[in-house]
Each structure stands twice: as C-alpha cells, then as structure tokens.
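Everything below concerns the one structure shown next.
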Amino acid sequence: MNIVVLIKQVPEIELVKVDEAANSVVLPSGPGVVNPFDEFAVEEGLRLREKHGGKVTVLTVGSERAESALRDCLALGVDAAYLITDPLFDKSDPQAVGRILAAGLRKLGEYDLIIAGKQAVDDDSAQVPGAVAAFLDVPQAMFVKKVEAVDGGKAKLLRTTEEGYDVVEVTLPMVMSVVKEINEPRLPSLKGKMMAKKTPITKWSAADIGLDGALVGANSLTKVVKVSPPPPRQQGEMISGETPEEIAEKLYQKLKDKQAL
Ligand SMILES: Cc1cc2nc3c(=O)[nH]c(=O)nc-3n(C[C@H](O)[C@H](O)[C@H](O)COP(=O)(O)OP(=O)(O)OC[C@H]3O[C@@H](n4cnc5c(N)ncnc54)[C@H](O)[C@@H]3O)c2cc1C
C-alpha cells in the first residue's frame, strides 16, 4: 500500500506574535517543529505499513527550512520525503496549499491512502486535507480516530463527531485527517536519526509539478483583511475563607449569582 502523509512545519506556537499595526503575524526565526497533529498521521502511516506492507512517503509545502521537519519524519522510519518549495507559493491561502499538494501527489502518481493531521496548530484552518481530496477528486474522511480495517480497496474508519463517532467505509484512494486519539506516536531511534541525516530529500519547484502562479501564492483567492491578537485575559479572583467548606460555599454562591449553575 502506498501511503502519503502530509506534514506541515509549524513555529513554536508560544513564540508567535501578532503585530496589529503592521496587520501581520510575526513568526519566530527558528526552524520550527512538525505540526503535533501530523505526528499522529505519520505514526498511523507507519503502523499501516507494518500491517499491510508498502511504503510511507511524507510530503510538505514550505520553505527550505521545512527540510528539518521532513528529516524528523525520516528519523521515525518513513521511506521517502518530498519538499515542494517555490517563491511563487509565498502567501498561499489554505485552498492554494491544497492545490499545490494535489499537484505534487499527481506527480508522485502512486497513492492509496493520504493521511493528514486534523489541523495545523499555527493557522488552524483545518481546510487543507479537504481541499486536497477535492482537487484530486477522491473521497475524504475527516477527524478519524481509528482505522478499523483496510481491505479490498476499501478502508473502514471511525470518525469523531460531536455526539460520538461514525463508522464509515471509504473507497481507496482517499484522504483522511486524524485526531490525537488514534495512536501514541513513537520516538525516533538513534539509528533512525543517523539514517535521516543521509537520506536524500526530493525538492520540487512550481514548474516541476506543472503549476504557474495562477490561484496560488499572491494570487490566492483569500486576502487577510485584519490580524488582531486575542483580548487580554481578565484578572481572576482569589476566593479566601477559613475552611475549604467556607471557600466552596462562597464559590457556589458566586456561580449561582452568575447563573452558571
Ligand atoms: C491570504 C493568506 C495568505 C497567507 N500567506 C501565507 C504565507 O505567506 N506564508 C505562510 O506560511 N502561510 C500563509 N498563510 C497561511 C497558509 O495558507 C496556511 O498555513 C496553510 O494554508 C495551511 O493551513 P493551515 O495551517 O490552517 O492547515 P490545516 O488545514 O489546519 O492543516 C491540516 C493538515 O493539512 C496538512 N497541511 C497543512 N498545510 C500543509 C503544508 N504546507 N504542507 C503539507 N501538509 C499540510 C497537515 O497534515 C495538517 O495537519 C496565508 C493564509 C492566507 C489566508
């Protein structure tokens, strides 16, 4: 089975700042990390390969810096890594990123299962996996918490809903996004880390995947109108009292007064 995992390099989220005057998000200069939800996607790919055989490939759209995120995945045991990078892709909105990834997947040619994280922790749009499925014209299942079976060209999946979960059967090739309940990601071994340093990473430009600037990069259809930080948190209140019972009683009254009970 050919499994492709879509991974995004994200900045260390607590270092991200909003510059309201410049209407922009200021990212830290460090290399960043693999989007935490994508670690579950990589792990699921590796487990499915262990069960069914085949190959796990990781694919990302990003700057040259994203190479380090791909190497982190190679250290975990994925077979191949691809970086799609081109200045033409700067300022891509999530639909454009979906378009670029779909073009890369078409060039890759072999995919049965495309696995993504449920969302990236920096931009949080949760749109990319659905966009990739739409551009490839393949089915999708989002927020998957368990892969029950993959057999006969179909995957049986449990996908999380607000009320519980749905059991769905989806024809391959397909795109799924996964939630963190799906597994517990492994840690890299020393041998894996050494191998990852030596494994070549294939880099593709816009021309390599047959794209010009149309509908991607600065020609994305979304424009950011305003960026603002969340309002500062209001000061909390300490409730004091002689005994825990007294404190609990005061808390109870306050919640009741606010009609929170
Ligand atoms: C108008 C506009 C301009 C923007 N300009 C820029 C810019 O100049 N530079 C910039 O860095 N960002 C820019 N962004 C943000 C960028 O569009 C998003 O980071 C990107 O589309 C992914 O969206 P997300 O992080 O919300 O992904 P989600 O949809 O939340 O991610 C879900 C999953 O999709 C997969 N995925 C997401 N992104 C990628 C990727 N790049 N490669 C592989 N897999 C991926 C991962 O598996 C991830 O877990 C811009 C956004 C807008 C709206």
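Ligands are counted one by one from 1 in listed order, and the atoms in each one are counted from 1 as well. Excluded from the calculations below are hydrogen atoms, water molecules and symmetry mates; all remaining heavy atoms, backbone and side chain alike, are included.
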Stepwise salt bridge (charged side-chain N to carboxylate O under 4.0 Å, His left out) check, Asp79 with Arg49: CA-CA 10 Å; Asp79 301 282; Arg49 182 189 67 187; 2.9 Å; yes

Query raised in the report: Should Asn35 be counted as touching ligand 1, given the test is an N or O pair under 3.5 Å?
Result: yes

Quick look: Asp124 vs ligand 1, heavy-atom contacts under 4.0 Å, and the answer is backbone

Atom 41 (N) of ligand 1: closest protein heavy atom, distance to 0.1 Å, is Val61 O, 2.9 Å

- [ ] Give a yes or no answer on whether the side chain of Ser220 reaches the backbone of Asp93 with a donor-acceptor pair at less than 3.5 Å.
- [x] yes

Q.
Please check: side-chain N/O of Asp19 versus main-chain N/O of Ala22, any donor-acceptor pairing under 3.5 Å?
A. yes

message: Between Arg186 and Glu50, does any side-chain N to carboxylate O distance fall below 4.0 Å?
response: yes

Per-atom filter on ligand 1: closer than 4.0 angstrom to a heavy atom of Ile7 are 42 (N), 43 (C), 44 (N)

**Prompt:** Is there a heavy atom in Ala126 that sits closer than 4.0 Å to ligand 1?
**Reply:** yes

Atom 6 (C) of ligand 1 sits nearest the protein heavy atom Lys91 CA, 3.7 Å

* To do: Could you tell me whether Val128 and ligand 1 have an N or O pair separated by under 3.5 Å?
  => yes

- Message: Using a 6.0 Å distance limit plus a 45 degree cone around the ring axis, check whether Lys180 lies over the aromatic ring of Phe40.
- Response: no

Within 4.0 Å of some non-hydrogen atom of Ala120, the atoms of ligand 1 are 24 (P), 25 (O), 27 (O), 28 (P), 30 (O), 31 (O), 32 (C)

Among non-hydrogen protein atoms, atom 17 (O) of ligand 1 lies closest to Ser92 O, 2.6 Å

To atom 1 (C) of ligand 1, the nearest of Ile100, Thr222, Asp93, Val225 on a heavy-atom basis is Thr222

Could you pull out all donor-acceptor pairs under 3.5 Å where a side-chain atom in residues 106-116 meets a protein atom, sequence neighbours excluded?
| unit_1 | atom_1 | unit_2 | atom_2 | d |
| --- | --- | --- | --- | --- |
| Arg106 | NH2 | Phe135 | O | 2.9 |
| Lys107 | NZ | Asp208 | O | 3.3 |
| Asp112 | OD2 | Asn2 | N | 2.6 |

Below 3.5 Å, N or O to N or O, backbone or side chain included: is there any such pair between Ala116 and ligand 1? no

If you scan protein heavy atoms around atom 48 (C) of ligand 1, the nearest is Asp38 OD1, 3.4 Å

Per-atom filter on ligand 1: closer than 4.0 angstrom to a heavy atom of Gln119 are 30 (O), 31 (O), 32 (C), 49 (O)

For Pro129, the ligand 1 atoms with a heavy-atom partner under 4.0 Å come out as 29 (O), 32 (C), 33 (C), 34 (O)

We want to know whether Asp124 and Gln119 form a side-chain donor-acceptor pair, criterion being a heavy-atom distance below 3.5 angstrom. yes

Closest heavy-atom approach to atom 20 (C) of ligand 1 among Thr60, Leu221, Val97, Leu27 is made by Val97

Atom 38 (N) of ligand 1 sits nearest the protein heavy atom Lys8 CD, 3.5 Å

>> Between Asp123 and Ser125 (side chain of the first, backbone of the second, donor and acceptor by atom type, cut-off under 3.5 Å), is there such a pair?
In response: no

- With a 4.5 Å limit on heavy-atom distance, are the side chains of Ser92 and Ile100 in contact? yes

The atoms of ligand 1 lying under 4.0 Å from a heavy atom of Asp122, numbered in the order shown, are 25 (O)

message = Under the criterion side-chain hydrogen bond (donor to acceptor under 3.5 Å, both in side chains), I'd like the reasoning laid out for Thr222 against Gln95: C-alpha separation, chi angles, the key distance, then a yes or no.
response = CA-CA 9 Å; Thr222 320; Gln95 294 297 310; over 6 Å; no

Show, in sequence, the C-alpha distance, side-chain angles and deciding distance for Asp122 and Lys8, and conclude whether the salt bridge (charged side-chain N to carboxylate O under 4.0 Å, His left out) test is met. CA-CA 10 Å; Asp122 54 351; Lys8 182 183 184 189; 2.9 Å; yes

Under 4.0 angstrom from atom 11 (O) of ligand 1, is there any protein heavy atom? no

the protein heavy atom lying closest to atom 47 (O) of ligand 1 turns out to be Leu6 O, 2.7 Å

Within the 4.0 Å heavy-atom cut-off, what Asp123 brings close to ligand 1 is both

In ligand 1, the atoms that come under 4.0 Å of a heavy atom of Val224 are 1 (C), 2 (C)

closest protein heavy atom to atom 23 (O) of ligand 1 is Ser125 OG, 3.5 Å

*asked:* Strictly below 4.0 Å, N to O, side chains only: are Glu64 and Lys203 in salt-bridge contact?
replied: yes

Here the ring-ring contact (aromatic ring centres under 6.0 Å, His included) pairs for residues 58-99, sequence neighbours left out, are Tyr82-Trp204

- request: Answer yes or no: does an N/O atom from Gln127 fall short of 3.5 Å to an N/O atom of ligand 1?
  value: yes

Near Leu59 (heavy-atom distance under 4.0 Å), the atoms of ligand 1 are 43 (C)

Would Gly117 count as a polar contact of ligand 1, with the cut-off being nitrogen or oxygen pairs under 3.5 Å? yes

**Message:** Please tell me whether Val128 and Phe143 are part of a single hydrophobic cluster in this structure, the criterion being side-chain heavy atoms less than 4.5 Å apart.
**Reply:** yes

Compute the shortest N/O to N/O distance between Pro94 and ligand 1 and return yes if it is under 3.5 Å, no if not.
-> yes

Exercise for the section: Apply side-chain hydrogen bond (donor to acceptor under 3.5 Å, both in side chains) to the pair Glu44 and Asn183, showing each step before the final yes or no. Expected result: CA-CA 7 Å; Glu44 200 56 25; Asn183 58 43; 2.9 Å; yes

